[in-house]
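We count ligands from 1, going down the list as the structure has it; atoms in each ligand are counted the same way. These figures come from a predicted structure and were not determined experimentally.
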Amino acid sequence: MQSQTIAQVLTAVGRNVAPVDAQMLLQHVLNVNRTFLLTHPEHVLTSQQAATFLKLIQQRIEGWPVAYLIGKREFYDLIFDVSEAVLIPRPETELLVEWALELIPDNKPSNILELGVGSGAIAITIAKHRPQAHVAGVDLSVDALAVARQNAIKLQADNINWVAGSWFDELSDRKFDLIVSNPPYVAENDAHLQQGDLRFEPQVALSAGLHGLACIMHIIRLAPQYLSDAGWLLLEHGYDQAAECRRLLEERDFSNICSHPDLAGIMRVSGGQWNARADCNRFKPQ
Ligand code: GLN
């Protein structure tokens with residue numbers, strides 16, 4: 001095969017794959033940054049590189065998410081390894097992290113719990129930004145926990161303890177100042193599960209019962225047992241679940257309940273405070 005340049009292989013891809021996806025795949029194959037790619041159109045690929053790139057483009061055309069093909073995804077201010085064992089971190093989930101960071105003090109220790117860590121993106125970002133916090137990260141999937149552990153090692157987040165188990169099952173009588181979760185929340189017959197990236201992601205991390213609320217209901221019901229006084233529960237949920245989440249929190253006697261919109265203006269995270277009256281100022285947003 002005749003040797004090809006960066007400009008030639010990108011042109012050959014044409015409209016079959018979004019240019020930004022093709023560029024990310026080529027960056028991955030050549031192990032270069034985007035600037036190199038854009039400023040060295042005449043750079044020649046080895047035949048091995050050209051073949052690998054072509055294979056990745058083929059997989060992308062079949063629908064494989066770019067994050068799985070290159071094995072990583074940026075989230076907040078860090079880059080996480082991902083595999084098919086974990087959900088690909090989403091930009092809307094950064095909102096959950098932002099809210100958690102607003103609530104977690106940066107000048108004293110606190111106990112934080114993440115339920116359903118997947119790649120570990122939420123737990124690790126919190127742990128890195130709040131080095132005094134003790135973070136516990138739970139996941140049912142040992143394969144997901146292996147990815148999360150690996151990410152924590154790579155990103156040098158050593159204030160996290162990983163727990164294999166279902167939701168609260170392995171936490172005995174521990175108490176937390178803040179519990180955060182992006183649980184599965186897509187309704188099991190939702191057509192989106194058959195579309196785009198979701199087709200390739202672990203269904204156990206995505207769908208939860210007929211209305212998608214099974215896990216959210218379970219977490220809200222049990223959380224008070226594991227929250228310190230004035231502790232917070234923050235949850236990501238589906239585009240149409242904010243009112244129901246707030247109702248469930250209210251029914252379980254949480255206070256200071258509120259929801260926040262994502263960048264698309266969709267109410268995407270909701271949360272509330274447990275036993276807030278006992279110690280109003282201890283763990284409240286500024
Ligand atoms: N936000 C994801 C999606 O709908 C779902 C993630 C989840 O179920 N926690 O694409």
Side-chain angles (χ1 to χ4, degrees), residues 18 21 60 63-69 72-76 80-100 113-126 137-141 143-145 147-148 151 165-168 178-223 233-246 248-249 259-271:
D21 290 356
R60 182 65 195 125
W64 280 90
V66 173
Y68 287 157
L69 294 175
K72 54 182 183 264
R73 169 54 59 96
E74 215 175 313
F75 177 81
Y76 211 81
F80 290 87
D81 284 357
V82 294
S83 77
E84 289 144 66
V86 302
L87 202 72
I88 300 165
R90 310 274 204 276
E92 56 267 31
T93 306
E94 293 176 352
L95 178 65
L96 197 61
V97 170
E98 259 165 43
W99 193 3
L113 169 65
E114 188 198 348
L115 294 171
V117 295
S119 65
I122 299 173
I124 293 169
T125 308
I126 290 175
V138 172
D139 208 290
L140 185 60
S141 156
D143 292 340
L145 278 182
V147 175
N151 275 320
S166 173
W167 307 124
F168 298 97
L178 184 140
I179 300 174
V180 62
S181 184
N182 171 20
Y185 56 66
V186 182
E188 62 192 10
N189 55 3
D190 190 316
H192 290 102
L193 293 171
Q194 269 33 272
Q195 296 165 12
D197 288 1
L198 274 68
R199 287 171 295 168
F200 297 86
E201 295 183 289
Q203 295 301 300
V204 65
L206 282 168
S207 90
L210 192 56
H211 303 290
L213 285 161
C215 299
I216 286 178
M217 286 169 83
H218 180 77
I219 292 171
I220 292 178
R221 186 150 38 86
L222 292 188
L233 171 63
L234 310 184
L235 295 168
E236 179 175 322
H237 49 68
Y239 68 96
D240 56 355
Q241 294 169 340
E244 182 59 10
C245 275
R246 289 197 303 270
L248 290 164
L249 287 162
S259 301
H260 291 291
D262 61 19
L263 291 173
I266 297 165
M267 286 299 171
R268 182 58 73 175
V269 293
S270 295

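Ion pairing between Arg90 and Glu201 holds under the 4.0 Å rule for side-chain N and carboxylate O.
For Ala205, the heavy-atom gap to ligand 1 drops under 4.0 angstrom. At least one heavy atom of Leu87 sits closer than 4.0 Å to an atom of ligand 1.
For ligand 1, the atoms closer than 4.0 angstrom to any heavy atom of Asn182 are 7 (C), 9 (N). Every atom of ligand 1 with a heavy atom of Leu206 under 4.0 Å away is listed here by number and element: 5 (C), 8 (O).
Residue-level proximity to ligand 1 for Glu92 is carried by the side chain, the only part with a heavy atom below 4.0 angstrom. Counting heavy atoms under 4.0 Å from ligand 1, residue Ser207 does not touch it at all. Residue Leu198 touches ligand 1 through its side chain alone, judged by heavy-atom distances below 4.0 Å. The part of Pro183 lying near ligand 1 is the backbone, judged by heavy-atom distances below 4.0 Å.
The main-chain N or O of Asp262 is never found under 3.5 Å from a side-chain atom of Glu92 such that the two would form a donor-acceptor pair. The closest donor-acceptor contact from the side chain of Glu114 to the backbone of Ala123 lies under 3.5 Å.
Here the side chains of Ser270 and His237 are in contact, with some heavy-atom distance below 4.5 Å. Put simply, the side chain of Leu213 does not reach to within 4.5 Å of the side chain of Tyr185, judged on heavy atoms.
Looking only at protein heavy atoms, the nearest one to atom 4 (O) of ligand 1 is Val186 CG2, 4.2 Å. The shortest contact between atom 1 (N) of ligand 1 and any protein heavy atom is with Tyr185 OH, 2.8 Å. Distance from atom 10 (O) of ligand 1 to its nearest protein heavy atom, with residue and atom name: Arg90 NH2, 3.0 Å.
Phe168 and His218 have tilted rings, their planes meeting at an angle from 30° to 60° on a 0 to 90° scale.
Inspection of the Thr93 and Glu236 side chains reveals an N or O donor paired with an N or O acceptor under 3.5 Å.
Note: no N/O pair closer than 3.5 Å links Pro184 and ligand 1 by distance alone.
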Candidate pair Asp21 and Arg60, rule salt bridge (Lys or Arg N to Asp or Glu O under 4.0 Å), full reasoning
CA-CA 8 Å; Asp21 290 356; Arg60 182 65 195 125; 3.0 Å; yes
